[in-house]
There are 2 protein chains.
Amino acid sequence: MVTLKQLAKELNVSISTVSKALNNSEEIGEETVKRVKELAQLYNYTPNKVALSLKQNKTKTIGVIIPDILNHFLAKVLFGIEREATKRGYNIITCISNESLEKEKEALELLANGSVDGFVLCVAEETQIEGEVNHFKRTIAKGLPIVMFDRVAHDVLCDKVIVDDFDATYRATKSMQLKKRKNIAFISRINDLSVGKLRERGYNKAILEESNQEPLVLNLKKKDDSQQKIKAFFKKHKNIDGVISADSSSGIIAINTALNKGYKVPKDISVIGFASKSVSNHSIPRLSIIRQHANQIGANAADLLINRLEKKFDEEIEFKTKIVKTSLVLSKSTLK
Amino acid sequence: MVTLKQLAKELNVSISTVSKALNNSEEIGEETVKRVKELAQLYNYTPNKVALSLKQNKTKTIGVIIPDILNHFLAKVLFGIEREATKRGYNIITCISNESLEKEKEALELLANGSVDGFVLCVAEETQIEGEVNHFKRTIAKGLPIVMFDRVAHDVLCDKVIVDDFDATYRATKSMQLKKRKNIAFISRINDLSVGKLRERGYNKAILEESNQEPLVLNLKKKDDSQQKIKAFFKKHKNIDGVISADSSSGIIAINTALNKGYKVPKDISVIGFASKSVSNHSIPRLSIIRQHANQIGANAADLLINRLEKKFDEEIEFKTKIVKTSLVLSKSTLK
DNA sequence: GTGAAAGCGCTAACAC
DNA sequence: GTGTTAGCGCTTTCAC
């Protein structure tokens, strides 16, 4: 890489003159500015990022900690974060916690050594189960702001971006009840997560408001064979005429299993699931989905963080919790 | 963050003494080392990464440029890269090119300012279509090594990690022919990519080796409604009894479409697709898949790069092209 | 055994 | 209008 020093030497001026010229300082003569800029252009000079970071004590880099990159929703949020960050001149360093508390702690500590200006993260499953939050608090105490999205730790004071999980399943369930569905089941593979619990509660509320059905819930474990479990579940509960699914796979598998057992979809059974448009293609008829607008969640999270990073020194910003509303997109897996 | 300076002041010694003590230099007295280490521990001192990078002229950071993070295969490779990098003490800065040549160039230039020590990347679709490679060559000329994976630019001299695409579809097609399939179609949504073309060629070769069938290919565009196109394709070619799919969705959609049209799978029609285990769950019976071992591809790519970064100054390493072989995993969507 | 000083690349306050 | 200097946090050579 070319440095100011080299340019200065070649031009027979001082380093600071070159620096000022390139930064359009008023102090420098027109002629000099021109000469400097031309040489800089010629040598393709770009200021060394590391030196700038050291000098200005900020890196313009965001640490992103994601529990699972293979989760389509999380990948999409990452995409939203990256886009917003890039737009505002920030890079992202990505760490994957693999749903492990230990790895989450490590990532936080590793990057808190000056590598990043702040964090955008989604809390790991293990962290949620154990209810651990001290590593978050320590990081914030060090002066590194955190923005949490989707799965959040409620007792940590920071900006948050969440989904209206409770309302989403409540409304989805209600919409099925309106079509006279009487035996609506709830299938989830994310029962351990805060968002999974909220989704179940939304479903429960809708069910309990109608006096003629008890909640009917199938909780799958990560290691379960979903196809088999869902098949057995349908076999056991023959009168199911609706399924709300809390994760992206279960809904698709539910439709395909129902079809496989000879049910007509949506005549005999309606299915709605949290999923993305691309996954909804994996069944015929297409899965009706609860869209989470993952992109927007990511963009919002990055936005909140960058706003905080760039606030004036004396300015105080209150911690915000932004709710990104889901949309219910009905396709042919539900009754019109 | 605590700095050496602060520790030095508090201990009434010089900065260099503190530095040496923490780095276990022989020069420093036992007693001093102890005092220094204790205080460092107490204050949770960690060396400032940025200062270290500036001093040592390397960042221990890898730039990763991915065309599309929502592509499950690419996300999995990213996972592999991250894991290997973390294991070897490197961070990754991720940029998403969105299949755009322009964004790929930008990312490369943006990070070539001292932010990273080298790149792991997958060539964007637009870059492949236009056959542009100068930005890669420029980057390498600047002293930043590149490792390409999956989609590679053959006329750039660098390390590469690829899949045996040609062989994979050749073998998959052959395996169907062995089961007496006579009308095997090929469906692809990635016809524009180098890997897509290789996969089609592997299929073609197998088909042309048998004299009784002409290749039957359906190329889908990104914006196409795959369900509809595949349905129409089946309608037009009623005698199809096998499908090889080049991307992860088409295989699933092919099975579901076939079932929807009343075909029995695998009795009437066999399907094999490039896909991951989790996606193979989205049909009943499960899709038989060509596994690409994305994790390993990522790990290998990171490995090649880091080896090159850490080679001794005078050591020359030849450019390697590593082929990660696919595995054909047959499930019940193909005949036993 | 400890410290002073230089230097990585850059900016900015302060001379001249 | 241009240059000198200090300093961001760190390592390392060289004095003492």
Side-chain angles (χ1 to χ4, degrees), chain A residues 1-37 39-40 43-61 89 111-117 142-144 313, chain B residues 1-37 39-40 43-61 89 111-117 142-144 313:
Chain A
M1 279 187 61
V2 199
T3 64
L4 290 185
K5 203 179 182 176
Q6 291 163 42
L7 295 179
K9 192 173 168 197
E10 191 140 341
L11 291 162
N12 267 317
V13 295
S14 77
I15 294 176
S16 56
T17 302
V18 180
S19 170
K20 285 173 189 162
L22 291 174
N23 291 304
N24 296 311
S25 162
E26 305 284 296
E27 297 177 35
I28 306 297
E30 219 176 290
E31 177 61 22
T32 317
V33 169
K34 190 162 163 256
R35 280 177 59 221
V36 170
K37 286 199 168 174
L39 196 70
Y43 284 166
N44 218 327
Y45 168 82
T46 41
N48 182 307
K49 179 85 181 307
V50 175
L52 273 173
S53 298
L54 182 61
K55 179 77 187 163
Q56 312 187 328
N57 199 24
K58 55 186 176 183
T59 59
K60 295 272 244 169
T61 304
L111 297 182
N113 63 358
S115 297
V116 304
D117 297 339
K142 279 185 201 161
L144 290 165
F313 189 67
Chain B
M1 278 190 61
V2 201
T3 63
L4 289 185
K5 201 179 184 177
Q6 290 164 41
L7 294 179
K9 193 174 169 195
E10 191 141 341
L11 290 162
N12 266 315
V13 294
S14 76
I15 295 176
S16 51
T17 304
V18 180
S19 171
K20 286 173 189 165
L22 290 174
N23 290 305
N24 297 310
S25 162
E26 305 284 296
E27 298 178 36
I28 307 297
E30 220 175 288
E31 177 61 21
T32 316
V33 169
K34 194 163 160 253
R35 282 175 57 220
V36 170
K37 286 199 169 174
L39 196 72
Y43 284 165
N44 217 328
Y45 168 82
T46 40
N48 182 307
K49 177 86 181 304
V50 175
L52 235 55
S53 297
L54 183 60
K55 181 74 187 164
Q56 311 187 328
N57 199 24
K58 55 186 171 183
T59 59
K60 295 272 244 170
T61 302
L111 296 182
N113 63 358
S115 297
V116 303
D117 298 338
K142 280 186 200 160
L144 291 164
F313 189 68

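Just the heavy atoms: all of them, side chains too, but no hydrogens, waters or symmetry mates, feed the values below. Within every chain, numbering begins at 1; the chains are lettered A, B, ... in the order of the sequence lines, protein sequences first and strands thereafter.
With sequence neighbours excluded, the residues forming a side chain to side chain donor-acceptor pair (under 3.5 Å) with A:Ser16 are A:Ser14, listed by chain and number. Residues satisfying the side chain to side chain donor-acceptor pair (under 3.5 Å) criterion with A:Thr59, sequence neighbours excluded, are A:Asp117. Considering only residues two or more places apart in sequence or on other chains, B:Glu27 meets the salt bridge (Lys or Arg N to Asp or Glu O under 4.0 Å) condition with B:Lys20. Every residue was checked against the side chain to side chain donor-acceptor pair (under 3.5 Å) condition with A:Asn57, not counting sequence neighbours, and none meets it. Every residue was checked against the salt bridge (Lys or Arg N to Asp or Glu O under 4.0 Å) condition with B:Lys55, not counting sequence neighbours, and none meets it. Residues meeting the side chain to side chain donor-acceptor pair (under 3.5 Å) test with A:Gln6, sequence neighbours left out: A:Thr3.
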Per-nucleotide protein contact string for nucleotides 11-16 of chain C, where B marks a base within reach and S marks sugar-phosphate only (heavy atoms under 4.0 Å, - for neither): BBBB--
Return a table of donor-acceptor pairs under 3.5 angstrom between the side chains of residues 28-37 of chain B and protein atoms on other chains or two or more places apart.
unit_1, atom_1, unit_2, atom_2, d
B:Arg35, NH2, B:Leu11, O, 3.0
B:Lys37, NZ, B:Asn24, OD1, 2.5

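Rounded to 10 degrees, the angle separating the terminal helix axes of the helix from C:dG1-D:dC16 to C:dC16-D:dG1, each built from five base pairs, is 60°.
Using a 4.0 Å heavy-atom cutoff across all strands shown, B:Thr32 reaches sugar-phosphate atoms only and no base atom. Using a 4.0 Å heavy-atom criterion, one finds that A:Val50 contacts no nucleic acid atom at all. Residue A:Asn57 is classed as having no contact, given no heavy-atom separation below 4.0 Å to the nucleic acid.
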